[in-house]
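Comments concern the structure below.
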Amino acid sequence: MAQYTRVSGIVGLITLQNPPVNALSAAVRQGIVDTVKTALSDPQVKSVVICGQNGIFCGGADIKEFGEKMFGPPLIPMMHAIEAADKPVVAAIEGSALGGGLELALGCHYRIAHSKARLGLPEVTLGLLPAAGGSQRLPRLIGVPAALDLITTGRHVTAAEALQLGIVDQVTDHNTVDAAVKFALTVAGQSLDARRISTRPCPQPSDLDALFEEAMQKVRRSARGAIAPVACVQAVRAAATLPYALGLEREKELMATLFTSGQARALQYIFFAQRAVGRWRMPSGASWDTSKPRPINKAAVIGLGTMGQGITVALTQIGLSVVAIETQEKQLMKAKQAISGMLERGAKRRGVAPPLDRVSYSQNIQAVADVDLVIEAVFEDMGLKMEVFQQLSAVCKPGTLLCTNTSALDMDQLASETPNPELVVGMHFFSPAHVMKLLEVVYGPRSSPQAVATAMQLGKKMGKASVAVGNCTGFVGNRMLKLYTEQAFFLLEEGATPELVDEALEEFGFPMGVFRMSDLAGLDVGWRIRKSAGLEEPIEASGQSVRIRNGCRYSPIADLICEQGRFGQKTGSGWYQYDAPGGRVARSDPWLHSFLAKYRARHGLVARGIDHQEVLERCLYAMINEGFRILEDGIAAGPEDIDVIYVFGYGWPRHRGGPMFYASMVGLAKVLERLEHYHHAHPDVPSLQPCSLLKRLVASGSPPVHRWREVIKKLHSQL
Ligand SMILES: C[C@H](O)[C@H](C)C(=O)SCCNC(=O)CCNC(=O)[C@H](O)C(C)(C)COP(=O)([O-])OP(=O)([O-])OC[C@H]1O[C@@H](n2cnc3c(N)ncnc32)[C@H](O)[C@@H]1OP(=O)([O-])[O-]
């Protein structure tokens with residue numbers, strides 16, 4: 001829908017109306033076509049202004065229409081009609097002008113933006129490219145290098161940067177529509193030839209081939225198998241080498257290769273999943289729209305190790321006053337320096353003053369008496385954490401929310417240490433806490449919906465992808481990761497090498513394979529968790545094989561190399577070799593290969609050929625199977641929760657949508673068949689036994705992923 005009015009006597013004002021972001025749905029496109037025609041044929045009108053309702057210009061094409069049959073006027077002729085107009089058309093940009101929204105503005109003759117506006121062509125983040133002339137007009141307006149940067153990254157630019165790049169003609173701090181109407185009055189009757197961007201020649205970079213070669217190498221390196229960034233480079237190249245009309249044809253061709261691709265569907269699924277997880281629901285029925293968060297003005301962080309420091313920075317950067325507690329003086333001094341450094345660097349990037357005065361430091365837990373929320377981030381030891389929660393219960397004012405950053409321990413056991421377990425939730429950050437986007441908000445059986453609502457809102461304010469999950473060992477992310485890693489260890493026993501496993505996973509799109517990631521994180525972390533889970537080597541006298549734990553197959557390989565002091569990068573060797581402790585470059589290690597050969601010989605294991613397909617099926621399907629168990633247990637409310645956790649916290653390649661979406665793309669029947677195949681081959685590995693929810697979904701015809709919540713709900717209602 002688009003509304004037409006005449007203002008200031010001679011200016012036709014067209015207002016896009018499609019809340020919340022004025023997306024270019026079929027109805028909006030029809031509205032634009034009609035109102036532009038009205039304005040151009042209205043003799044009284046000398047110039048036109050296009051703006052958006054509710055302080056936002058336009059969020060682009062309507063992504064919700066992508067899966068459906070397209071109807072209504074197409075975008076490109078609509079943009080051409082505006083550009084070809086014989087009256088100046090001015091875009092009044094407030095809030096956002098993104099994707100088709102910016103392309104609409106590029107079809108106009110002038111662009112006025114509010115100083116807080118954000119502009120960009122983020123189509124690549126949806127597995128697409130700017131397909132309404134944007135890949136042809138933007139290079140003509142701002143040059144090839146700048147256009148390549150914006151189109152291949154999809155990043156949003158501020159109004160100030162848009163002015164500097166030449167995307168907009170004016171920036172205002174006042175009412176943008178008024179400014180645009182005033183501007184439209186001044187350009188009425190002026191020639192528009194030079195303002196029609198598509199008619200301009202594209203500025204030619206000095207060495208075009210070298211520039212595009214470098215751009216293509218750059219996107220191929222960072223894309224990790226994503227196809228849209230490559231197509232974006234090809235589209236911009238068309239702008240630099242072809243006349244506009246032929247370039248537009250090329251843009252259309254390339255878009256056709258992307259539009260129906262699995263990657264585009266995966267990326268658009270994640271776009272909506274990221275928004276869906278904000279509409280959280282607990283098994284009790286309490287949910288985001290029935291639970292009011294508490295206001296949080298002052299917070300505290302207990303324990304200033306790496307995680308505590310990052311959490312302090314994340315809280316301070318959103319304007320909270322933070323009390324940072326560390327009992328060890330030396331560590332406190334070290335942390336103070338690190339936190340100040342992170343705050344200064346963050347402030348410099350945002351061009352603001354560093355909020356150092358918002359953090360106060362103390363060794364005395366009494367200092368948290370007047371805060372609204374506490375996040376405990378001390379060493380991962382239950383005894384120590386229980387002590388801290390006892391102290392907090394004694395010190396904190398009534399109603400203070402007590403949160404733990406534990407990554408695997410039972411947060412409900414900690415709640416038992418307080419008189420108000422309803423005020424206890426987990427806030428599981430990922431390292432570095434002020435950078436990583438994921439936050440698992442963990443609720444126990446006694447956590448109040450208000451406590452969950454407060455933690456979720458705080459997460460959103462910190463710019464986190466916050467996901468509400470139930471309390472269990474490892475919550476969602478680490479619980480699934482355990483099965484992924486376990487299969488990788490079994491594959492080593494059966495003949496694989498760390499290199500082969502990592503190669504397969506990195507080819508799939510993970511930034512790092514399981515063994516390189518483990519060397520980065522430190523093998524001792526996993527070793528400590530396995531020990532605290534009682535998985536130490538059985539007493540020889542027990543006669544139990546070292547490769548059996550609790551009656552199930554177990555691989556002690558990682559424990560054995562930890563016993564050698566090989567903890568990964570930090571010790572200079574782990575699954576790979578490094579030049580020195582702290583080295584970053586992983587090199588194959590002959591010692592480890594001979595260790596594996598001796599290990600297999602000692603346990604009578606015969607190495608066999610293992611290909612990439614088996615690595616993916618074993619590691620990913622075991623993880624996915626556990627994902628179905630998590631849904632069955634109600635620990636996660638829907639597949640979107642699991643997929644957002646893996647994409648934003650565990651490096652799952654975004655263009656593959658997340659483990660559960662990937663399973664739906666592969667086909668649930670295929671995943672079930674392969675799991676049954678591997679479980680038959682490895683009956684002593686219960687995690688390979690297909691989950692009943694998976695079987696139920698296959699039996700009910702493998703419904704699409706967005707319909708799984710219904711099946712799960714029905715399942716839970718029958719339980
Ligand atoms: C031809 C052309 O070349 C091509 C092919 C294209 O143009 S492809 C499209 C390119 N455009 C984009 O990539 C921009 C995508 N949107 C955003 O980045 C953000 O939304 C925002 C604009 C910066 C606002 O952020 P926000 O934080 O204030 O609100 P929100 O929670 O994100 O969004 C509020 C609600 O609006 C929904 N929504 C947002 N953008 C939408 C869009 N383009 N289409 C449909 N729905 C959209 C969103 O799902 C949510 O719904 P619900 O969850 O409430 O039901």
Side-chain angles (χ1 to χ4, degrees), residues 16 18-29 32 52-68 70 72-80 93-107 116-138 147 150-151 153-159 228 231-232 235-236 239 248 251-252 254-261 264-265 267-280 288-289 437 456-457 459-466 638 640 644 654 706:
L16 309 186
N18 184 17
V21 299
N22 299 323
L24 297 168
S25 63
V28 171
R29 297 195 305 274
I32 294 173
Q53 195 183 40
N54 305 332
I56 181 168
F57 182 69
C58 177
D62 189 336
I63 308 168
K64 293 191 177 100
E65 287 185 350
F66 288 174
E68 299 147 15
M70 294 299 269
L75 283 168
I76 288 179
M78 183 181 88
M79 310 287 188
H80 279 155
I93 300 171
E94 290 171 301
S96 303
L98 299 171
L102 179 55
E103 290 172 299
L104 172 63
L106 293 176
K116 289 203 174 68
R118 313 282 290 185
L119 302 85
L121 295 176
E123 284 86 344
V124 70
T125 65
L126 297 168
L128 306 171
L129 56 78
S135 73
Q136 303 307 301
R137 283 196 173 91
L138 192 67
L150 264 63
I151 292 174
T153 62
R155 71 182 179 88
H156 300 181
V157 295
T158 62
C232 285
V236 176
L248 208 54
E251 176 188 280
K252 204 168 167 194
L254 291 162
M255 179 63 160
T257 63
L258 299 176
F259 198 65
T260 52
S261 70
R265 282 165 49 201
L267 287 158
Q268 287 150 35
Y269 163 81
I270 282 293
F271 175 84
F272 288 117
Q274 205 186 334
R275 284 145 183 86
V277 295
R279 295 189 282 272
W280 54 273
W288 65 286
D289 51 356
K437 226 167 146 29
M456 288 292 284
Q457 187 188 57
K460 185 162 185 183
K461 280 195 184 142
M462 290 187 278
K464 303 290 184 194
S466 308
E640 296 84 355
V644 166
R654 203 178 170 127
H706 64 269

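Because the structure is a prediction, the values reported are computed rather than measured. Numbering of ligands and ligand atoms starts at 1, following listing order.
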Within-cutoff protein neighbour (heavy atom, under 4.0 Å) for atom 44 (N) of ligand 1: yes
For Leu75, atoms of ligand 1 separated by under 4.0 Å from a heavy atom: 1 (C)
Nearest atoms (heavy-atom pairs only) where Ala235 meets Leu129: CB-CD2, 4.3 Å
Under-4.0 Å protein heavy-atom contact, atom 11 (N) of ligand 1: yes
Arg265 to Tyr269 six-membered ring, cation-pi geometry met (6.0 Å, 45°): no
Residue pair Met79 / Arg137, side-chain heavy-atom distance below 4.5 Å: yes
Pairwise distance CE(Met78) to CG(Leu104) - rounded to 0.5 angstrom: 5.0 Å
Heavy-atom pair with the smallest gap, counting every atom of Phe57 and Ile93: CB-CA, 4.1 Å
Residue and atom name of the nearest protein heavy atom (relative to atom 46 (N) of ligand 1), distance in Å to one decimal: Lys64 NZ, 3.7 Å
Numbering as shown, the atoms of ligand 1 that approach Phe272 to under 4.0 Å (heavy-atom distance): 49 (O)
Distance from atom 14 (C) of ligand 1 to nearest protein heavy atom, with residue and atom: Gly59 O, 3.4 Å
Between CG on residue Leu128 and OG1 on residue Thr257, distance to nearest 0.5 Å: 9.5 Å
Ligand 1 N/O within reach of Ala131 N/O, cut-off under 3.5 Å: yes
Verify atom 29 (O) of ligand 1: protein non-hydrogen atom under 4.0 angstrom away: no
Heavy atom of the protein closest to atom 38 (N) of ligand 1 (residue, atom name, distance): Val21 CG2, 3.9 Å
Ligand-residue contact atoms, ligand 1 with Pro130, heavy atoms, under 4.0 Å: 3 (O)
Pairwise distance CD1(Ile32) to CG(Leu24) - rounded to 0.5 angstrom: 5.5 Å
Candidate with minimal heavy-atom separation from atom 54 (O) of ligand 1, of Arg279, Arg275, His156: Arg279
Within reach of ligand 1, part of Leu24 (heavy-atom separation under 4.0 Å): neither
Protein contact for atom 36 (O) of ligand 1 (heavy atom, distance under 4.0 Å): yes
Approximate separation, where rounding is to 0.5 Å, of Trp288 CH2 and Met456 CE: 11.0 Å
Proximal ligand 1 atoms for Ile63, defined as those under 4.0 Å from one of its heavy atoms: 42 (C), 43 (N), 44 (N), 45 (C)
Under-4.0 Å heavy-atom contact with ligand 1, by part of Glu103 that carries it: side chain
Part of Leu126 with heavy atoms under 4.0 Å of ligand 1, whether side chain, backbone, both or neither: side chain
Element-labelled atoms of ligand 1 that are located less than 4.0 Å from some non-hydrogen atom of Gly60: 7 (O)
Audit row: Leu75, Arg29, side chain to side chain contact (heavy atoms under 4.5 Å, CB included) steps and yes/no: CA-CA 7 Å; Leu75 283 168; Arg29 297 195 305 274; 3.6 Å; yes
Structural part of Ala61 in contact with ligand 1, heavy atom criterion under 4.0 angstrom: both
Contacting atoms of ligand 1, where contact means under 4.0 angstrom from a heavy atom of Asp62: 44 (N), 45 (C)
Enumerated ligand 1 atoms positioned under 4.0 Å from heavy atoms of Pro20: 34 (C), 35 (C), 36 (O)
Residue and atom name of the nearest protein heavy atom (relative to atom 16 (N) of ligand 1), distance in Å to one decimal: Phe271 CZ, 3.5 Å
Side-chain donor or acceptor of Glu640 paired with backbone N/O of Ala276 under 3.5 Å: no
Heavy-atom donor-acceptor pair, Asn18 side chain to Ala23 backbone, under 3.5 Å: yes
Which atom of Thr125 lies closest to which atom of Thr153, heavy atoms considered: CG2-O, 4.1 Å
Identified side-chain contact (heavy atoms from CB on, under 4.5 Å) partner of Ser96 from the options Leu102, Ile56, Val21: Ile56
Backbone N/O of Gly133 and side chain of Glu251: donor-acceptor pair under 3.5 Å: yes
Glu123 neighbourhood, listing ligand 1 atoms whose heavy-atom distance to it stays under 4.0 Å: 2 (C), 3 (O), 4 (C), 6 (C), 7 (O), 8 (S)
Residue-ligand contact Gly134/ligand 1, heavy atom below 4.0 Å: no
Atom 23 (C) of ligand 1: nearest protein contact (heavy atom, Å): Leu98 CD1, 3.7 Å
